[in-house]
Asker: 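Next up is a structure, given as structure tokens.
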Amino acid sequence: MDFVFPTTPASVPVHGSSAYFPVHRIYCVGQNYDAHAKEMGATGRAAPFFFMKPADAVMPVADNACGTMPYPSQTQNLHHEIELVVAIGKTGAHIDVKDAPDFVWGYAVGLDMTRRDLQAESKAQGRPWSTAKGFDFSAPISPITPIAQCGWLSSAAISLEVNGVRKQDSNIDQLIWNVAEVIAALSTFFTLKEGDLIFTGTPAGVGAVVKGDLMRGEIAGLGSLQVSVA
């Protein structure tokens with residue numbers, strides 16, 4: 001097959017390996033921790049909702065390295081959102097909750113970076129969130145740890161520091177919709193495929209970062225993710 005332009009798929013390194021995980025699609029779950037939902041003005045256990053980022057929005061950061069994210073244009077209010085990322089390794093649609101673990105290839109630490117001012121404008125006008133969520137470098141991510149190495153994660157501390165100050169601090173067992181439920185719900189809208197990434201939502205404590213700030217996210221059992229804003 002000849003392509004008009006040379007192409008290289010977006011990819012994320014695999015922890016402890018020379019292999020790379022090719023990215024097909026990036027799905028994100030909105031307001032999936034109760035405290036964060038409340039800080040964003042929502043209440044109760046509403047049905048999960050989803051949005052997307054382009055596959056090449058990923059910004060892979062190697063183990064023991066610090067990535068550099070350029071401060072995006074068209075915003076004065078760039079926010080951090082630390083998240084557990086689920087890597088899908090099997091194709092399926094209308095997946096039952098009990099079968100969802102079979103579709104997980106691994107996990108990573110991710111940041112759903114957000115132009116919060118543009119998101120607020122989009123919400124107010126009933127418009128899509130693409131410019132707020134899907135910009136270049138908006139999805140920094142650590143290497144993916146295969147589930148064969150770390151096992152199924154149902155409880156793990158998740159946190160984020162900015163310049164050494166703890167801003168977000170929770171546990172993934174506080175997800176309103178857990179990983180299996182998210183996979184099951186998402187698969188009713190889309191056929192999930194090998195290479196899909198699911199950002200599962202962020203805890204309370206989201207806030208702005210500016211040029212020169214250093215973010216360090218961590219999920220127990222998956223290591224850390226360090227990103228500076230340039």
Side-chain angles (χ1 to χ4, degrees), residues 7 9-12 22-60 69-88 91 93-95 108 110-141 160 168 175-177 179 181-193 195-210 215 217 227 229:
T7 179
S11 62
V12 180
V23 180
H24 176 246
R25 293 175 178 170
I26 301 175
Y27 300 101
C28 303
V29 188
Q31 299 178 6
N32 201 26
Y33 285 80
D34 185 59
H36 174 60
K38 289 177 179 175
E39 78 178 347
M40 300 303 288
T43 58
R45 191 176 191 253
F49 69 92
F50 306 98
F51 57 92
M52 298 179 70
K53 294 175 182 277
D56 62 1
V58 290
M59 192 190 100
M69 174 190 176
Y71 194 96
S73 61
Q74 302 297 325
T75 184
Q76 301 299 319
N77 196 17
L78 177 67
H79 275 212
H80 58 74
E81 298 189 12
I82 186 69
E83 310 204 2
L84 170 69
V85 181
V86 176
I88 298 297
T91 295
H94 300 281
I95 300 165
L111 281 165
D112 169 19
M113 300 303 294
T114 303
R115 289 166 163 150
R116 191 70 73 200
D117 42 3
L118 298 193
Q119 185 188 35
E121 291 173 11
S122 296
K123 286 181 177 180
Q125 298 178 47
R127 293 177 176 175
W129 292 5
S130 297
T131 57
K133 291 286 193 176
F135 53 93
D136 297 342
F137 308 104
S138 62
I141 188 171
L160 180 96
Q168 294 183 266
L175 285 164
I176 297 173
W177 296 88
V179 169
E181 292 170 329
V182 164
I183 290 171
L186 183 59
S187 73
T188 66
F189 293 101
F190 305 94
T191 296
L192 298 182
K193 296 186 177 182
D196 286 342
L197 297 176
I198 305 174
F199 282 63
T200 57
T202 193
V206 299
V209 290
V210 298
M215 298 175 286
V227 178
V229 183

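Everything numeric here is computed off the predicted structure, so don't read it as measured data.
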Asker: Looking only at non-hydrogen atoms, find the nearest pair between Y33 and L175 and report the distance.
Answerer: CE1-CD2, 3.3 Å
Asker: Check the pair I82 / L111 against side-chain contact (heavy atoms from CB on, under 4.5 Å), numbers first and verdict last.
Answerer: CA-CA 5 Å; I82 186 69; L111 281 165; 4.2 Å; yes
Asker: Using every non-hydrogen atom in the two residues, find where L78 and P72 come nearest and quote the distance to one decimal.
Answerer: CD2-CD, 3.6 Å
Asker: Does some side-chain heavy atom of P48 sit less than 4.5 Å from a side-chain heavy atom of N32?
Answerer: no
Asker: Using side chain to side chain donor-acceptor pair (under 3.5 Å) as the criterion, list what pairs up with D136, not counting sequence neighbours.
Answerer: none
Asker: To the nearest 0.5 Å, how far apart are OG1 in T75 and CD in Q119?
Answerer: 10.5 Å
Asker: Ignoring hydrogens, what is the shortest heavy-atom contact between T191 and A93? Give both atom names and the distance.
Answerer: OG1-CB, 3.7 Å
Asker: Do the non-hydrogen side-chain atoms of M59 and V227 ever get within less than 4.5 Å of each other?
Answerer: yes
Asker: Apply side-chain contact (heavy atoms from CB on, under 4.5 Å) to the pair V29 and E83, showing each step before the final yes or no.
Answerer: CA-CA 10 Å; V29 188; E83 310 204 2; over 6 Å; no
Asker: Would you say R115's side chain and S73's backbone share a donor-acceptor pair under 3.5 angstrom?
Answerer: yes
Asker: Would L160 and H80 count as a side-chain contact (heavy atoms from CB on, under 4.5 Å) if you check the C-alpha gap in whole Å, the side-chain angles of each, and the deciding distance to 0.1 Å?
Answerer: CA-CA 9 Å; L160 180 96; H80 58 74; 3.1 Å; yes
Asker: Under the side-chain contact (heavy atoms from CB on, under 4.5 Å) test, which residues partner A208, sequence neighbours left out?
Answerer: N77, H79
Asker: Which heavy atom in W129 sits nearest to a heavy atom in S122, and how many Å separate them?
Answerer: CD1-CB, 4.0 Å
Asker: Using the test side-chain contact (heavy atoms from CB on, under 4.5 Å), find all partners of M52 that sit at least two apart in sequence or belong to another chain.
Answerer: R25, Y27, F190
Asker: Do T200 side-chain atoms and L84 backbone N/O form a donor-acceptor pair below 3.5 Å?
Answerer: yes
Asker: Hey, what do you get for CD1 (I198) to CD1 (I26), rounding to the nearest 0.5 Å?
Answerer: 11.5 Å
Asker: Under the rule for side-chain contact (heavy atoms from CB on, under 4.5 Å), what residues qualify as partners of S11, not counting sequence neighbours?
Answerer: Y20
Asker: Looking only at heavy atoms, what is the nearest atom pair of V210 and V229, with distance?
Answerer: O-CB, 3.5 Å
Asker: Just so I know, are the side chains of F50 and L186 near enough to count as touching, which here means a heavy-atom distance under 4.5 Å?
Answerer: yes
Asker: Would a 4.5 Å heavy-atom cut-off, applied to side chains only, mark I183 and I88 as touching?
Answerer: yes
Asker: What residues, two or more places apart in sequence or in another chain, satisfy salt bridge (Lys or Arg N to Asp or Glu O under 4.0 Å) together with D112?
Answerer: K53, K133
Asker: Side chains of T202 and Q168 only: does a donor on one sit below 3.5 Å from an acceptor on the other?
Answerer: yes
Asker: Taking atom CZ of F51 and atom CZ of F199, what is their separation to the nearest 0.5 Å?
Answerer: 9.5 Å
Asker: Return the minimal non-hydrogen interatomic distance between R116 and V206, and the atom names on each side.
Answerer: NH2-CG2, 3.7 Å
Asker: Are L197 and I141 close enough that some pair of their side-chain heavy atoms sits under 4.5 Å apart?
Answerer: yes
Asker: Does a side-chain heavy-atom distance below 4.5 Å link V182 with V86?
Answerer: no
Asker: Does atom CD of Q76 have more than 12 heavy-atom neighbours from other groups under 6.0 Å away?
Answerer: no
Asker: The criterion is side-chain contact (heavy atoms from CB on, under 4.5 Å); which residues satisfy it with A184, sequence neighbours excluded?
Answerer: V97
